[in-house]
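Worksheet: the structure to be examined is printed underneath.
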Amino acid sequence: MNDRGLFRKSILGLGLAFLYVPILSMMFFSFNNSRLVTVWDAENSPTLRWYVRLFENEQLLGAAWISIKIAALSASGAAILGTLAGLVLTRFGPFRGRALLSAMTTAPLVMPEVIMGIAMLLLFVALEQMIGWPEGRGLLTITIAHVTFTMAYVTVVVQSRLAGFDDALEEAALDLGAKPATVFFKITLPLIMPAIVSGWLLAFTLSWDDVVISQFVSGPGSSTLPMEIFSRVRRGVSPDINALATIMVLIVATGVVASTIWMKRQERKRALEEQMARSDTP
Amino acid sequence: MATSTFAAVSTALSAGRRLVTAVPYFWLAVFFAVPFAIVFKISFSYMVPAQPGYAPLFEWLEESRRLVATFNLANYQVLLQDSLYLNTFLYSLKVAAISTVLCLLLGYPMAYAIARSAPTTRNLFLMLIILPFWTSFLLRVYAWIGLLKTNGVINNTLLSLGIIDQPLVLLYTDFAVYVGIVYSYLPFMILPLYSNLEKHDLTLLEAAADLGARPFKAFFKITLPLSMPGIVAGCLLVFIPAVGEFVIPSLLGRTDQLMIGTVLSAQFFGARNWPVASAVAIGLLLVLLLPILLFQRYQQRELEASRR
């Protein structure tokens, strides 16, 4: 039994090292004074000079602001549309066209980004020619494209949450004469809220991170942060990108840990309330 | 009132139900399905230098009062005859297949180890696996440039330890692309495998042991066949996007052998030949159609199974 425990520990250790060493090394060298990035300049390091330079770089800061706006908007759109699609697919029973809807919500999960990008751009070009909208390409077109490819993720998360509990509560409320809209807002929505929140976060991250689709559907003056980073790192490593990466990793890690703890707490609270409600009934 | 499910009641109130269905349906139809139809259409067009870059398929000629259709099959001919495209397609499939196998070889033992560890530590390990996925994909690929380049971390370490005396050529090779893909897609392999392995009935293994099977044999006769759905899902989640991967090969890959995603965007942005780029996209879609359908079937079955 003991050597099996050892096997488990060593494979997990190895795998996690593989996942984390590159990130940690990138963070470590962000404090290196040398322009060569990976050659440690022991005399003048550690230094914060690349962080200072980063906050003086208005181009990158502007791109970051654009990315935040797009990510927040498209995550919200994706959360609404994805929740509706998830609800329709799990609760509305069979209807004509259900298979197509189901296919359209899972395909973007695996569709190569270059195909999505070219398809979206050609649509926007054709639409502009036909009806004059959307005029040119920029924030609007990137947001629409991001809503489309991220809503699939929200749908999957919401769907598996909805499949996880039966519709007895909803049925009971309907039997008691509640309107479907009331049932949705009073029962279904609170139950699937954790799924919607994690779906929103997932959509936000995917949008914030996307470079390929954005590149296809962006226009002049609407470079997102990943597009800026991509054009820089294509020319090789640069110390200020290491500083930027460090900041982003720290923000994300804090956010993920905090939201995980928050969701765990909500779950526990709900379970407790459920238990109390049960023990109230004789 | 046994039949009064949510669905039945909402059929009675079908106006509201129809509206709720129509909104996501409309969005996906306009922004996901129609674009593919347009790509398909343009893949048969002639390239023209002016905006929008392609000639119309159907044209109403006023003088002769006729509707004229001009199909250009040359875009697909180029795809089949130009060895550049065939090579790139085959190379992309090879890279994706090798990376998927490597990902499985690393991901399976990890998923197994997590699924068989104490329930309290499981969640911690899962979070550690998912955490990198939340941080920028682009920056994680970028991190490998710093590790793999000639005066990068790996070469510097090996040189200073005296293991090598010439720096190894690691960056801009096939190896670098495999590492990049395995690194970026590992969580997508581990998560479906974990959710499958976690559900296994361990008494089966005990029974096998009682009947005299060695752990090795029990694994290949019981655990491995039972985890097939997880293996298929994980492999598809890595393989399909990896074939069309663009960022990883352009940052870490060879410059003399491109992947299809890179060629597609070069045709699009560089040569500005939208019809050929569209034909490449349709070709890629056809190659991936079978795996995509397979993935959809798996996804559907998973959802059915999780329904109580």
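It should be emphasised that the depicted structure is a prediction, and the values quoted were computed from it without experimental measurement. For the numbers below, each heavy atom of this structure counts, side chains included, while hydrogens, waters and symmetry mates do not. Below, read A as the first sequence line, B as the second, and so on, with proteins coming before strands; counting in each chain starts at 1.
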Could you tell me which of [options] has the largest number of non-hydrogen atom pairs under 4.5 Å with chain A?
options                                : value
B/Trp144, B/Phe133, B/Tyr112, B/Phe239 : B/Trp144
B/Ile145, B/Val280, B/Ile240           : B/Ile240
B/Ala281, B/Ala33, B/Pro187, B/Pro109  : B/Pro109
B/Gly107, B/Gly244, B/Gly261, B/Ser136 : B/Ser136
B/Val23, B/Ile130, B/Leu128            : B/Leu128

Check your understanding: Ring centroid separation for A/Phe149 and B/Phe32, is it under 6.0 angstrom?
Key ->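 No, the ring centres sit 6.0 Å or more apart.
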Review point. Would the A/Phe230 and B/Tyr142 ring centres measure less than 6.0 Å apart?
Key: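 A/Phe230 vs B/Tyr142: aromatic centres not under 6.0 Å.
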Tell me, for [X] versus chain A, whether the close heavy atoms (under 4.5 Å) come from the side chain, the backbone, both or neither.
X        : value
B/Glu245 : neither
B/Pro215 : side chain
B/Phe269 : side chain
B/Thr262 : neither
B/Leu28  : both
B/Phe246 : side chain
B/Leu285 : both
B/Ile190 : neither
B/Leu251 : side chain
B/Lys149 : side chain
B/Trp27  : side chain
B/Phe268 : side chain
B/Phe31  : both
B/Asn156 : side chain

Contact part of [X] toward chain B, heavy-atom cut-off under 4.5 Å: side chain, backbone, both or neither?
X        : value
A/Pro108 : both
A/Met27  : neither
A/Leu225 : neither
A/Met248 : side chain
A/Thr148 : both
A/Glu128 : neither
A/Val211 : side chain
A/Ile80  : neither
A/Asp210 : neither

Practice item. For A/Arg8 and B/Arg116, indicate whether the former's side chain and the latter's backbone hold a donor-acceptor pair under 3.5 Å. Key: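 Yes; judged by distance alone, with no hydrogens or angles, the pair exists.
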Check your understanding: Only one of B/Val238, B/Leu288, B/Leu237 clears side chain to side chain contact (heavy atoms under 4.5 Å, CB included) with A/Val110; which?
Key ->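 Only one of B/Val238, B/Leu288, B/Leu237 forms a side chain to side chain contact (heavy atoms under 4.5 Å, CB included) with A/Val110, namely B/Leu237.
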Practice item. Could you tell me whether the side chains of A/Thr106 and B/Gln296 share a donor-acceptor contact shorter than 3.5 Å? Key: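 The criterion, which ignores hydrogens and geometry beyond distance, is satisfied for B/Gln296 and A/Thr106.
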Identify the heavy atoms of [X] and [Y] that sit nearest to each other, and give their distance.
X        : Y        : answer
A/Ala126 : B/Ile38  : CB-CD1, 4.0 Å
A/Leu123 : B/Val34  : CD1-CG1, 3.9 Å
A/Ile23  : B/Pro132 : CD1-CB, 4.1 Å
A/Ala119 : B/Val39  : CA-CG2, 3.5 Å
A/Ala253 : B/Leu131 : CA-CD1, 4.1 Å
A/Val156 : B/Gln299 : CG1-NE2, 3.6 Å

Review point. So which of A/Leu109, A/Val249, A/Leu202 has the largest heavy-atom pair count under 4.5 angstrom toward chain B?
Key: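 Result: the option with the highest number of such pairs is A/Leu202.
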Check your understanding: So which of A/Gly117, A/Ala103, A/Pro94 has the largest heavy-atom pair count under 4.5 angstrom toward chain B?
Key ->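 Looking at each option in turn, the highest pair count goes to A/Ala103.
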